[in-house]
Colleague: 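The structure under discussion is supplied below as structure tokens; questions concerning it will follow.
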Amino acid sequence: MRLTTIALVVSDAKKSAKWYTEKLGFEIREHQGHWITVAPKTENIAFHLCEGFYPLEPGNSGISFTTKDAKKDWATYAMFKDPDGNEFYLIEE
């Protein structure tokens, strides 16, 4: 068994998909009607950008990314937010 998608509540799935591709270098994996998934190009897991089904809950998503050199981001870890206020961690491997 593998984890394949994580639901991420957003206000506008198309706008969010554009942000994730342009700012984080993700790719759009699926786009069928309201179903849009985005993911890092080398990963099997994707975010399902859920629009309009649930109220937005900006804040800590509990999701972390790793990188080889977090010092490029001024520390051994960094935090960032998407346009809807979902917070993520970037941690050095």
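Everything quoted here is computed from the prediction, not taken from an experiment.
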Colleague: For residues F88 and M79, determine if any side-chain heavy atom of one lies less than 4.5 Å from a side-chain heavy atom of the other.
Modeller: no
Colleague: Please check if the side chain of T66 supplies one atom and the backbone of I91 the other of a donor-acceptor pair under 3.5 Å.
Modeller: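 Such a contact is absent between T66 side chain and I91 backbone.
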Colleague: Evaluate T37 against L49 for side chain to side chain contact (heavy atoms under 4.5 Å, CB included), listing each step before the verdict.
Modeller: CA-CA 6 Å; T37 61; L49 303 175; over 6 Å; no
Colleague: Is it possible for you to say whether Y20 and F65 belong to one hydrophobic cluster, with membership spreading through side-chain heavy-atom contacts below 4.5 Å?
Modeller: yes
Colleague: Could I get the full list of side chain to side chain contact (heavy atoms under 4.5 Å, CB included) partners for K81, not counting sequence neighbours?
Modeller: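 Once residues adjacent in sequence are excluded, the partners of K81 under the side chain to side chain contact (heavy atoms under 4.5 Å, CB included) criterion are E87.
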Colleague: How close do L8 and D82 get, heavy atom to heavy atom, and via which atoms?
Modeller: CD2-OD2, 4.1 Å
Colleague: Looking at side-chain heavy atoms only, is the closest gap between T5 and I45 below 4.5 Å?
Modeller: no
Colleague: Do the side chains of E57 and V9 get nearer than 4.5 Å, heavy atoms only?
Modeller: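 Of all side-chain heavy-atom pairs linking E57 with V9, none is under 4.5 Å.
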Colleague: Please check if the side chain of N86 supplies one atom and the backbone of P58 the other of a donor-acceptor pair under 3.5 Å.
Modeller: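 Not confirmed, N86 side chain does not pair with P58 backbone.
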Colleague: Once you measure the plane-to-plane angle for F47 and F26, does it fall in the parallel (<30°), tilted (30-60°) or perpendicular (>60°) bin?
Modeller: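 Rings of F47 and F26: tilted, 30 to 60°.
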Colleague: Can you see which heavy atom on A13 is nearest to which on I36, and at what distance?
Modeller: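 Smallest heavy-atom distance, with atoms named: CB-CD1, 3.7 Å.
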Colleague: Do NZ/NE/NH1/NH2 and the carboxylate oxygens of R29 and E27 come within less than 4.0 Å?
Modeller: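 The answer is yes: the pair qualifies as a salt bridge.
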Colleague: Just do the side chain to side chain contact (heavy atoms under 4.5 Å, CB included) check on W19 and L24 with the steps written out, would you?
Modeller: CA-CA 8 Å; W19 187 86; L24 299 182; 4.0 Å; yes
Colleague: Can you confirm whether I63 sits close enough to I6 that some side-chain heavy atom of one is under 4.5 Å from a side-chain heavy atom of the other?
Modeller: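 Yes, side chains in contact.
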Colleague: Heavy atoms, side chains only, cut-off 4.5 Å: are E51 and K14 in contact?
Modeller: no
Colleague: Considering non-hydrogen atoms only, spot the tightest contact between D84 and S11 and give its length.
Modeller: OD1-OG, 2.6 Å
